[in-house]
Structures are given as structure tokens and as C-alpha cells.
Protein chains: 2
Amino acid sequence: MDSGSTAGPVPADQRNVRRHNLGLVMRSISVTGWSTRARLATATGLTKATVSSLAGELIEAGLLTESGAQAKGATGRPGSVLEVNRQGHAGIGLEINVDYVAACVTDLGHRVRYHRVECVDNRTEHTASLNRLARMASAALRAAEEFELTPQGIAVAVPGIVEPERGRLLRAPNLDWTDLPIVDLLAERLGLAPTEIWLDNEANLAALGVLWFAGGSAWGDFVYVSSEIGVGAGIVTDGQMYRGARGFAGEIGHVSIDPSGEPCGCGGRGCIERYCGQEAILRSAGLPTDTATSTGNPDGPVTELLAALEREEQRAVRAVRRAGEALGVGLANVINVIDPDTVVLGGIFTPLAPWLVEPLTAALAGQAIAAPWSPPRVAVSSLGPEAAVRGAAGLVIEQMLSDPARITRSGQGLGNNRHV
Amino acid sequence: MDSGSTAGPVPADQRNVRRHNLGLVMRSISVTGWSTRARLATATGLTKATVSSLAGELIEAGLLTESGAQAKGATGRPGSVLEVNRQGHAGIGLEINVDYVAACVTDLGHRVRYHRVECVDNRTEHTASLNRLARMASAALRAAEEFELTPQGIAVAVPGIVEPERGRLLRAPNLDWTDLPIVDLLAERLGLAPTEIWLDNEANLAALGVLWFAGGSAWGDFVYVSSEIGVGAGIVTDGQMYRGARGFAGEIGHVSIDPSGEPCGCGGRGCIERYCGQEAILRSAGLPTDTATSTGNPDGPVTELLAALEREEQRAVRAVRRAGEALGVGLANVINVIDPDTVVLGGIFTPLAPWLVEPLTAALAGQAIAAPWSPPRVAVSSLGPEAAVRGAAGLVIEQMLSDPARITRSGQGLGNNRHV
DNA sequence: GCCGCTTAGTTCGGCAGCCTAACGAAGATG
DNA sequence: CATCTTCGTTAGGCTGCCGAACTAAGCGGC
């Protein structure tokens, strides 16, 4: 939860150079999985001498491991292999959503080592939900310990509008929660410092999850759109999340595609959510909309919808096609404004994609201004509803990758600040 | 036109530190107008020793001037005043728009030293327009020389979609120009290297113009929306332009507010431009839409519209109010997606603001999701149609401010590369 | 008018961190 | 076993920031 933001202009000195280059080496290894000092030198543009020094520091900090020599056979001395240390640090991701709570543990190699989901309706008193979340967090921390991983932070995804600097949830319409200092409440329950816990919007973190865990870097700048109970989007530019001035960016669910349309709970009319939200699709398909145990639940109404689609029931197919069309119209507007390379569909859009994509693409082609000579790419996330928790855990991991110096300096592991 | 973009990850060394700190000092002086070494040290967080060294280099490069001592009277030795050098380097801005061509010269202090507009219809063969533009550029260069300013670059604003890296105009619907290598064509006519000329979208540069020449830094992240013949927007985040993956960001004119609305030339339906463009407003006000000599022309139809509004003619007032409402509905969607602090109105919206803002604000309040607890601010640019040329000239200036090292190193002034 | 006080700017030595160059290490090849 | 190639380390040099000491310049008190 450390601000990390631009606290005004700041002078640079050699430490910045070091920090930058440590991150550079870490990143470079992270994308290819492994490397050697010589390879790193050519990949990063640094000299062998400097890479040696940087690598030494990263190994010291437990971020890299040196694992024997490179496969022999080639001419010349074989390099010694450097890998991201998968036995060292870890990130913890948590998620509260309308109808489930989830936790996961990820190692520095972006491997998911632990993952739990509990289906439960959180549209009630928030205390119970937070207690449950704290229990799951504790379990995840214990699991990490069993794997001999030292967690370096916790990130929490929530389906609402957030003030990341202060760790507050401002408003979650679909949970009916308002103005909750989630980071503080959770820190207290876990006995951790609030600076060790981050909070962000579910769609934003899901976008990052897709970026880091589903090959999203190949998509360039992209908009991740997902539907669960609500419809949200996360915008990724230049490998970074675009959060907007106050962190409200990506509220695509309440983009209007028909100003004279049906009124929405947000006060507006004709919001995308009214056409493409889970409930809207189910209703228009003539299926029950009992969302209490839907998304994560194999017996939920989404499963029923999928079954109906498989059976080619016309009402279901038409409902999904209409949703795709509406989404396309709304997304075209988004594309005209932010010009992404790709649109990525997630959440329940992932399983619905076979029926959704064609009408969506058609609508995009009609309205997106750049469409004629560079039509927007449409991709489907393979993560489905897991994207957000993974993104949360990934956030912690990525902080280590891009600023390894933090670990180099600070004491190791979560919760150590208590004793200072 | 130098790419400057991220050519992959790049190693950092002490030179980066120097570059950063040179920029820091330059920026710091630029915002306050003047400073002293001691003040700079506290303002930037650098030490006096370092600031001294940096200032020396900047003076050497002609970016700063040292002008006598600070006003006496206070206790202690008075500092010696450092100012941005207004007699040194300059930026040249050019603009081609539908019904005029403009040029301006700006000094390092963001002062406009020269400004010319010629009203002319450019919706014809582009050769004539480019010839005219080159003539105006030459005149501006001569003017700079007369002021003893050395131009460091030229930036060109065009009303269309652009590939900034290659300096090509891809498509300008309102000019009916397609795929023109404007930078190359202009460089040839002026005998300059293409790397000394930048090209960008008119709305983007206008947004920067507003940021740098009309106190826009107080607005935080903002969306600048202007209407001339078309309706365009520029998005400024963190003091920088948001260009999107391919530079098409901000094409707000073709955001749709009614998917069953009137068809638009872009292929879509119900585009904002059909409601808030200059022609649309004039037509719905029952005025002639002869745009050949409108925006820059005191006898043009916009002047007539303003006169009608002053006379409180109902048809004109209703037309503008309807435009404001439509713009509000469209902007609400934009705000929900990119969450700016402020919306800034420019172009012909500037004079229309007294009649436009109220219905616009009302529409925003109804549909923007964050409106209830932090309503979007609406501001009006004082620059009107001059914003884009100024932004273009400012772009050159800002490059010098944020990376003074470029000048420190390179030969002085435009066109010197010819002789290398 | 001299002396001390305060603030400004410079000089100098120290240190971090990158670079170049040279060198030892480890395997392949003949 | 000598030679070749590539890898990684070590030593020395340079850039650039910092801290501290020093000089500069104005003010005010006696």
C-alpha cells in the first residue's frame, strides 16, 4: 500500500541507476525463464562485469538461483544458469467478489502454488466476509510457509471503486458496501502492517492477471472486459495498469449505449451492464438469475446457460448474441477513445465466447473509427474468473521483479515490521 | 520525429542520472519563471553543489541565463537569479486545418513571439496546402532569426489520424486526405532533416497547448474536447499525452450516443460529431453552414451563431443546448472509462460555453458513475482555436525542457545536420 | 567602520556504480 | 596436450552525486 506514486519531482542519483538495472536483469530472466550472465549482458545492453555484480546481489537477496552449468555440447565455456528463485519469495492474492471469496499463492516464477475458492454470498454484513477473507489469508500464509516460501505482500481484489493509496473501498454497488477501510481491517485481523497490504479493483487486477498469467504481453495495449455480476474493464498500456486520476478508470459497465434505454441503478440509462451483465443475459435467455452461488459454482445458472447454448436453444443463443452486439457497440466507443491493440474477454465471457465473439466483432467493425485499416483484435482470456486473484498475487510478484532493491535492503518476509 | 519511444528495455548509467537532473532543474525554473541555485537545491532535493554544476551546464547550453542578483533587503547574501533564456532557443508550431493554416514561434519561456493565420480552404489538392504551409514555416523561421532565436524543431498539427513515428498522416476525413508522408514532404520543401519535424493530431496538440499555455497543469488529468469542423479530444495524464497503441486515441467525434441514430461518414451511427460538430450546430440553429471561411474568420457563420445567441434567438439557443446535452452524454461514457479530473472545452466550444455548459454538466451528472461523490469538473479553455499551433510549438519547447542534454550535446539550431 | 550573523555559491575529497580491458576458467577440437 | 572459443571475474578509470569546508556578499549592532 506504499504510495510509490510521484511525490513531486525527485532527484536521481546512482542508486536509481542500480535499482533500474536490477529490475532490468530480473525482468529479462523472468520473461525467458532462465539465462546466463553472458546472455543477460547482450539482452540488456549492460556489460558482463555489471551483470555479474547485479546477479550477485540478486542471488544474495534470494531472488535468483544459480543452478549448475548450461547444457554442454556447444563450443566455448558453458555459462552457468540463472533462474528466478521459485523457492524464495511469494505473493499472496485475495479476492472478494459477490458470490465467492478466493485466495492464492504465487512464486517468483509466476507459478500458482496454492489456490482456494469458497462460494459464499457476500451481499450481507461485511464483517463476516472480512473474517472469512482473513481466515483464507491465514491459510494461504501457512501454505506458503509449508512450501518454504516467504510472502512479501498481500493484494486484495474487490468488485468496486477503490482508493488504492489509502486502501479504502469507496463503493461496491453489487455488494452494497460503502466506504470501508479494507486494508486496515484486514491488517488488524492478520496482525500485519497496512503497508504490506494492497487493495485494487477486481477488473484492474484481472487485467493484470491476464497480462502476467495468460500471455497477455503479446497483446500490446489491451482492454480487458469481463462480466461476472457486474461488467468491468481494466486498461493495460505499456505493460502498466491505467488507473485514471482517481482510480475509477474502466467502469465500462456503466457506459451507456442507449441514452433512452432502461434506467440503471447507477442513475444512468442504457448501461452496458443492463445488456451484458450476467443477470441480464440469464434473464433474456429465460433462465433463473439466482446469483447467490453462480460464478464459481458448477451447478450455477451460468452452467445452465452453457448447457442451453450447447443444445442450440434459440432463446439462449439469441440472448448471448444480443449481449455481444451491445458489448460491441459499447466497446467501439471505448476503442475510439483509448485505442488499444486488443480487446480481451474474460469472466463469464470466456465460456460464452463461441457465441459472443462474432456479433461483437461485427458491431466493432461498424463503429470503431480505426476499424477499416486496422481492425481491433479480439482475444479471449483462458483464465476465466481466476484472473483477479492471480493478478493480485502477481502484483506483489511484479513489485519484486521491477524493484528488487526493496528486498535487497529490507528485512525478509511479511510481518517482520511488527517487531521493529 | 525521433522515435524516443521505448526501444525495448534499456540499461541506465550515470548519464541518465545527469539527464534526469538537468530536466528537473529546467522544469523547476520553468514553472516558477525564475529561481536561484539555493532555492533550486531545496525545491529539487539536490545539493547546492550539484545544482551549481547543473546550472552551469544549462547556462553554457543557452537554456538558462543568469541575470544579476536577487532583490536585496533580506538578510544574508542575495542569490543570483536564474531564468529560462528567452533569447536562445525556440520552437516552431504549424497547423493545417480544414479552413485555415497557422504558424507560430515560441521561446523557452512559453511566450508566443510570432503568430500568423491564413484562412484558406484546404479541402482540395494537398500540394497547394503543403506549399502554403512551407511558405509560412519559412516566414516563421525568418521571424525567429530576426528575434535572434534559434529554432530547435518544428511540430505540425493536422486534423486527422497520424503515425507519429513515421510522420505520416493516415487519414483526415474532413480534409479528404489519405496516407500522406507530411513530414517528408515538408522536410524536402524546407531543406531540413525529417528528424527535425514532428507530426501529431490536432486535438492532441491542442490539449498540450491548453496544458502549457492556459494553466492546464492545475486541472490534473484532463480530457480536452474541441469542436471545429470535426469534434476531437486529447487526453492528458500525468502531464503527458495519452496517444493509445497506434496514436488514434481521443477520436471522440465518432463515439456514438445513439446506435440507432443518423448514419455518419465514418460508417457508424449517432456519432457525437453529428450532434456537436460545427456544421451540425449551425444547421440545427437554422444558419448557413458555409465552412469554407469559418473558424478563423470574423465574418464566418460561427460569428453569426454567436450573434443569434446574444439576441437570445430561441432556435439558436436550443441548438446549442441540445449539442451540450449530447456532448454530456458522450463525455459521461468517456469519463467512466478514463476517469479524468477535468473536462476542458475548446475550439468553438469556448465561445459557446455560456450556453453549452449547463446542459452538459447536467447530462454528465446523470450518467457518470463517479459523479455522486466527486463530480467531474468542467473548464473552458481560453485559447480557442489557437490551442493546436501553440501546443505544436510547445511540444518542441517541452522536449528541450525535459531533456536539455540533447542540446547540450548536439550542435545548435535547426538545419545544421545538413552539413554533416 | 569593524565585527559577527546569515544566506549563497564553489571547491574538494569521498563514494557508488558503470565501463573497458585484461585475465583466468571451462569445455570443444584436433 | 595445445589451441580456440566463450564465460565470468578482477582491476582501473570515469562520471556524477553527496557532504563538508570554505569563500562571497549583504545586513545590523556597537
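In what follows, chains are A, B, ... by sequence order, proteins preceding strands, each numbered from 1.
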Review point. Would you say the side chain of B:N85 lies within less than 4.5 Å of the side chain of B:L64, judging by non-hydrogen atoms?
Key: no

Check your understanding: Taking CG from A:D13 and P from C:dC18, how many angstroms apart are they, rounded to a whole number?
Key -> 12 Å

Point to revise | Base C:dA8 paired with B:R37 side chain (donor-acceptor, <3.5 Å) | key: no

Exercise for review: Nearest-nucleotide wise, let me know which of A:L54 and A:K48 is further upstream toward the 5' end of DNA chain C.
Suggested key: A:L54

Exercise for review: Tell me whether the OP1 or OP2 atom of C:dT29 has a side-chain N or O from A:T75 closer than 4.0 Å.
Suggested key: no

Check your understanding: Could you state the CG-P distance from A:L58 to C:dG17, rounded to the nearest angstrom?
Key -> 13 Å

Practice item. Kindly say whether B:L205 contributes a backbone atom to a donor-acceptor pair with the side chain of B:D200 at under 3.5 angstrom? Key: no

Check your understanding: Do B:R77 and D:dA25 have a side chain to base donor-acceptor pair shorter than 3.5 Å?
Key -> no

Exercise for review: Determine yes or no for a side-chain-to-main-chain donor-acceptor pair under 3.5 angstrom, with B:S402 supplying the side chain and B:E398 the backbone.
Suggested key: yes

Review point. Atom CD of B:Q14 and atom C1' of D:dC17: how far apart are they, to the nearest Å?
Key: 10 Å

Review point. Can you tell me how far C1' of C:dA16 sits from CZ of A:R19, to the nearest Å?
Key: 14 Å

**Study point:** Atom-pair distance (CG on B:N16; C1' on C:dG17), nearest Å
**Key:** 12 Å

Practice item. For B:T36 and for B:P11, locate the closest nucleotide of DNA chain C by heavy-atom distance; then report the residue assigned to the nucleotide nearer the 5' terminus. Key: B:T36

Point to revise | Protein-nucleotide distance (B:L46, atom CG; C:dG9, atom P), rounded to Å | key: 15 Å

Check your understanding: Closer than 4.0 Å, any side-chain N/O of B:R15 to the OP1 or OP2 of C:dC18?
Key -> no

Practice item. Assign B:S53 to base, sugar-phosphate, or nothing according to its heavy-atom contacts below 4.0 angstrom with the strands shown. Key: nothing

**Study point:** Between C:dC18 (C1') and A:L22 (CG): distance, integer Å
**Key:** 13 Å

Review point. Between atom CG in A:L82 and atom C1' in D:dG8, what is the gap in whole Å?
Key: 11 Å

Review point. Given D:dC17, is OP1 or OP2 found less than 4.0 Å from the side-chain N or O atoms of B:N21?
Key: yes

Check your understanding: Quick one: are the ring centres of B:Y242 and A:Y242 less than 6.0 Å apart?
Key -> yes

Practice item. Name the nucleic acid region contacted by A:A49, choosing base, sugar-phosphate or nothing; use a 4.0 angstrom heavy-atom cut-off, strictly under. Key: base

Practice item. Determine: side-chain N/O of A:R18 to OP1/OP2 of C:dC18, distance under 4.0 Å, yes or no. Key: yes

Check your understanding: Counting only side-chain N and O atoms of A:T50, is one of them less than 4.0 Å from OP1 or OP2 of C:dC19?
Key -> yes

Exercise for review: Answer yes or no: is there an ion pair linking A:E66 with A:R37, defined by an N-O contact shorter than 4.0 Å?
Suggested key: yes

